[in-house]
Amino acid sequence: MPELPEVETIKRSLAQKITGLTIREVKIYLPKIIQITNPDEFQTGLKGKTFLNVNRRGKYLLFYLSAEYVLVVHLKMTGQLIYSPANAPVAKHTHAFFNLSNEHRLSFIDLRQFGRLYLVPLEELENMPGLKKLGFDPLSENFFPDIMAQELSHRRTRLKPLLLDQSFIAGIGNIYADEILYRAYLHPLRPANTLKAQETAWLFKAIQEVLQEGIAYRGTTIRDYVDGEGRPGNYQNKLKVHGRAGQACERCGQLITRLRLQGRSAYICPYCQKL
DNA sequence: AAGAAGTCCTGGGCGC
DNA sequence: TGCGCCCAGGACTTCT
């Protein structure tokens, strides 16, 4: 379940390890994880390319390569990208790996096989399905309270589905959505266009604060998440509501409850977050 | 056109 | 001890 803070942590941990390294060999065990190009083209296309830079957009990782190509990775729920010595044993659920020019290896590991890898020419990057529809990046300099307020004012959608809508705002998933709404004292079913100015301001602030804290704590590890060197995050210890049904709210002492929303869990404090 | 439901997957946890 | 069931949920597709 890597969300923005986890993907950002992976980006940072890998950037310092692989920048400048060249891909010598590509091994694919599970061809279906390769999308857009067929696995053969993917393999031959990657071979000999050098990692120039690593970036993140929403929950997507972008590896800028030499010869104007980009390796795009989405980890979905249980995907991992791990940098390790090339002679380390191949972990269970490894679906692909790249041997690098320094006796190290970048492995893609994914228990649930939802994650996907794409190799695209730089000039086609902006047209990639999924990437081109992404909304605001909540941590970018172009994300302003008034822009968000304007967007909210003409949407009847409920707040939580809206936070999870990547074409509205890019990078928030189920865990951080719950934490953001709790911090902003807002109920997940609240229609977006009913927010008062003060509430919109709380929401905006909560989005930035929660995501920044998540990054500062190197992400949330509930089960599978680790960074590019296999290290778990620490933000799971800071969660106020997500996964805490039956425990007391830190602010008011009421018990945290779990709702079902679109087949997903939503955790709230029923006193702090009234509809 | 927006919203809900179905789809892909494995493994942990639970009741019996 | 093991079977069946539910749950975890990102994003795309399909239906209403």
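Naming: A, B, ... by sequence-line order, numbering from 1 per chain.
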With a 4.0 Å limit, can you tell me whether [X] has a side-chain N or O closer than that to the phosphate oxygens OP1/OP2 of [N]?
X	N	result
A:His74	C:dG10	no
A:Lys76	B:dC8	no
A:Lys32	B:dC9	yes
A:His93	B:dG11	yes

Legend entry - Distance-only side-chain donor-acceptor flag, A:Tyr182 / A:Gln273, under 3.5 Å: no
When the distance from [atom1] of [X] to [atom2] of [N] is rounded to whole Å, what number comes out?
X	N	atom1	atom2	result
A:Tyr225	C:dG10	OH	C1'	17 Å
A:Leu75	B:dC9	CG	P	17 Å
A:Ile33	C:dG10	CD1	C1'	16 Å
A:Gln113	C:dA11	CD	P	18 Å
A:Lys133	C:dA11	NZ	C1'	9 Å
A:Tyr267	C:dC7	OH	C1'	9 Å
A:Ile222	B:dG12	CD1	C1'	14 Å
A:Arg223	B:dG11	CZ	P	10 Å

Inset, instruction - Using the ring of A:Tyr185 (Phe, Tyr or Trp, six-membered ring only), decide whether A:Arg251 places NZ or CZ under 6.0 Å from its centre and within 45 degrees of its axis. - result: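 Yes.
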Legend entry - Quiz item: cation-pi between A:Lys49 and A:Phe51, 6.0 Å / 45°: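 No; the conditions do not both hold, so A:Lys49 does not lie above the ring face of A:Phe51.
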Inset, instruction - Determine the Euclidean distance between corresponding P atoms of B:dA1 and C:dA11; express it in Å to zero decimal places. - result: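 Going atom to atom, P in each nucleotide, I get 23 Å.
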Legend entry - B:dG11 versus C:dC12 - spacing of their C1' atoms, nearest Å: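 Rounded to whole Å, the distance is 24 Å.
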Any base atoms under 4.0 Å from [X], or only sugar-phosphate, or nothing? Heavy atoms, all strands.
X	answer
A:His242	sugar-phosphate
A:Arg258	sugar-phosphate
A:Thr157	sugar-phosphate
A:Gly130	sugar-phosphate
A:Arg260	sugar-phosphate

Measure from the side chain of [X], starting at C-beta and using heavy atoms only, and say which of [options] lies closest.
X	options	answer
A:Ser265	C:dA8, B:dG11, C:dG10	C:dA8
A:Tyr60	C:dC12, B:dG11, C:dG10	C:dC12
A:Gln262	B:dA4, B:dG11, C:dA11	B:dA4
A:Gln166	B:dT10, C:dA11, B:dC8	C:dA11
A:Leu111	B:dA4, C:dA8, B:dG11	B:dG11

Legend entry - Atom of A:Leu134, atom of A:Gly58 and distance for their closest heavy-atom approach: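 Taking every non-hydrogen atom into account, CD1-N, 4.2 Å.
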Legend entry - Side-chain donor/acceptor contact of A:Arg264 with base of C:dG10 under 3.5 Å: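 Yes, the side chain and the base share a sub-3.5 Å donor-acceptor pair.
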Inset, instruction - Using a strict cut-off of less than 4.0 Å between a Lys/Arg side-chain nitrogen and an Asp/Glu carboxylate oxygen, indicate whether A:Asp137 and A:Arg56 qualify as a salt bridge. - result: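 Looking at A:Asp137 and A:Arg56, the cut-off is met.
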Inset, instruction - Assess the pair A:Phe108 and A:Phe98: is the distance between their ring centroids shorter than 6.0 Å? - result: no
